[in-house]
Amino acid sequence: MIKSTIEISASIMCINWLNVQADLDILIKEKIDYLHWDIIDGQFASDFTMGSSIINTLLPYSNIPSDYHLMVENPSRLFDSFQTHPGDIFTIHQESTRNLHRDIIKIRQMGLRVGVAISPGTSIETLRYVLEDLDIVLVMTVNPGFKGQKIIPQTISKINDLKQMINKYGLTTKIQVDGSVNNQYIPDMVAAGADILVGGSSGLFRKDLNLPKSIETMRIQAKIGLERRRGHCHLDLV
Ligand code: DX5
Ligand code: ZN
């Protein structure tokens with residue numbers, strides 16, 4: 001297995017639903033870092049995905065930590081719906097809540113790791129006064145809602161800007177990237193500062209490659225990106 005410090009979160013909305021158990025077995029065997037649960041309410045983003053009944057049914061099948069991505073209006077109404085465990089990540093959208101800081105504190109009080117997601121049109125500056133309270137910032141590289149969308153290219157430089165902002169304030173906040181995370185873009189995303197990659201339909205649950213192979217390929221691409229990032233850091237210091 002190729003080791004890198006970049007983590008992979010498997011987007012379960014993109015799993016082969018006719019083969020869920022076998023796919024989960026592979027994710028367990030390959031030591032995938034998180035199961036990414038996309039929860040969509042048809043309002044904040046169109047379409048519907050999984051609710052608590054489906055997620056809570058699948059949860060006991062593995063010990064892989066959960067990574068909840070709530071694409072819903074007023075997310076705090078759903079905070080108690082899931083069977084969470086310490087170490088799970090709970091990510092809400094900056095654009096979806098009337099009181100971002102209050103919701104961040106609530107998630108922290110639940111003993112979970114706190115993430116805030118920003119859609120492609122949202123500036124990183126909107127997080128300036130909450131950044132120190134976050135474990136993770138999720139940079140959406142497509143608009144939330146559907147798998148298989150084309151990347152919005154300027155979001156790659158957003159990852160880089162966010163990384164610089166995190167460094168500037170001496171924080172250890174991790175950057176997660178979601179949407180079109182595939183071989184074409186992983187090296188650029190990681191070189192720009194991505195720490196956690198959400199593997200969806202284009203990078204992980206691919207039609208043209210089996211799951212163990214696509215995990216291996218994502219890890220190779222992440223390593224290439226990490227080497228580029230470290231190269232940049234070295235040059236910056238010179
Ligand atoms: C998009 C979802 C993603 C999805 C994207 O709203 O949040 O989790 O998995 O993956 P791709 O772009 O590769 O289909
Ligand atoms: Zn997601």
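Indexing begins at 1, ligand by ligand and atom by atom, following the structure's order. Remember, predicted model here, so these are calculated numbers, not experimental data.
Note on Lys106 versus Asp80: no salt bridge recorded, every NZ/NE/NH1/NH2 to OD/OE distance being 4.0 Å or above. A salt bridge is defined here as a Lys NZ or Arg NE, NH1 or NH2 lying under 4.0 Å from an Asp or Glu carboxylate O, and Asp135 with Arg108 meets this definition. Residues Asp41 and Arg77 are paired through a salt bridge, judged by an N-O separation under 4.0 Å between the basic side chain and the carboxylate. Between Glu227 and Arg230 no salt bridge is recorded (no basic side-chain N to carboxylate O distance below 4.0 Å).
Those atoms of ligand 1 that come under 4.0 Å of a heavy atom in Gly145, given as number and element, are 6 (O). Near Lys147, the atoms of ligand 1 lying under 4.0 angstrom from a non-hydrogen atom of the residue are 14 (O). Short contacts between ligand 1 and Ser180, defined as distances under 4.0 Å to a heavy atom of the residue, involve ligand atoms 11 (P), 12 (O), 13 (O). Short contacts between ligand 1 and Gly148, defined as distances under 4.0 Å to a heavy atom of the residue, involve ligand atoms 11 (P), 12 (O), 14 (O). Atoms of ligand 1 found under 4.0 Å from any heavy atom of Cys14, numbered from 1 in the order shown, are 9 (O). For ligand 1, the atoms closer than 4.0 angstrom to any heavy atom of Gly200 are 9 (O), 10 (O), 13 (O). Here is the list of ligand 1 atoms found below 4.0 Å of a heavy atom in Pro144: 6 (O). Atom numbering of ligand 1 starts at 1 in the shown order; those under 4.0 Å from a heavy atom of Asp38 are 2 (C), 3 (C), 7 (O), 8 (O).
Nearest approach of Gln83 to Tyr68, heavy atoms of both residues: O-OH, 4.1 Å.
Where the criterion is an N or O separation shorter than 3.5 Å, residue side chain and backbone included, Ser201 meets it with respect to ligand 1.
For atom 13 (O) of ligand 1, the nearest non-hydrogen atom of the protein is Ser202 OG, 2.7 Å. Scanning all protein heavy atoms for the shortest distance to atom 1 (C) of ligand 1 gives Phe146 O, 3.7 Å.
Contacts between Ser11 and ligand 1, counted as non-hydrogen atom pairs separated by less than 4.0 Å, involve the side chain only.
Side chain of Thr122 to backbone of Ile118: no donor-acceptor contact under 3.5 angstrom is found. Side-chain atoms of Ser119 never come within 3.5 Å of backbone atoms of Gly121 as a donor-acceptor pair (strictly under, hydrogens ignored).
You'll find the side chain of Leu58 stays beyond 4.5 Å of the side chain of Leu35, heavy atoms only. The shortest side-chain heavy-atom distance between Ile39 and Phe82 falls under the 4.5 Å cut-off.
Distance check, rounded to the nearest 0.5 Å: CD1 of Ile196 to CG of Asp178 gives 11.0 Å. Taken from CD in Glu95 to CZ in Phe44, the straight-line distance is 4.5 Å, to the nearest 0.5 Å.
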Can you give me every donor-acceptor pair (side chain of residues 164-176, partner residue at least two apart or in another chain, under 3.5 Å) with its distance?
{"unit_1": "Tyr169", "atom_1": "OH", "unit_2": "Arg128", "atom_2": "NE", "d": "3.0"}
{"unit_1": "Gln176", "atom_1": "NE2", "unit_2": "Asp67", "atom_2": "OD2", "d": "2.7"}

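Nearest-residue assignment for atom 3 (C) of ligand 1 (options Thr141, Val142, Asp178; heavy-atom criterion): Asp178.
Neighbouring protein atoms of the Zn ion (ligand 2) (N, O or S, distance under 2.8 Å, waters ignored): His36 NE2, Asp38 OD1, His69 ND1, Asp178 OD2.
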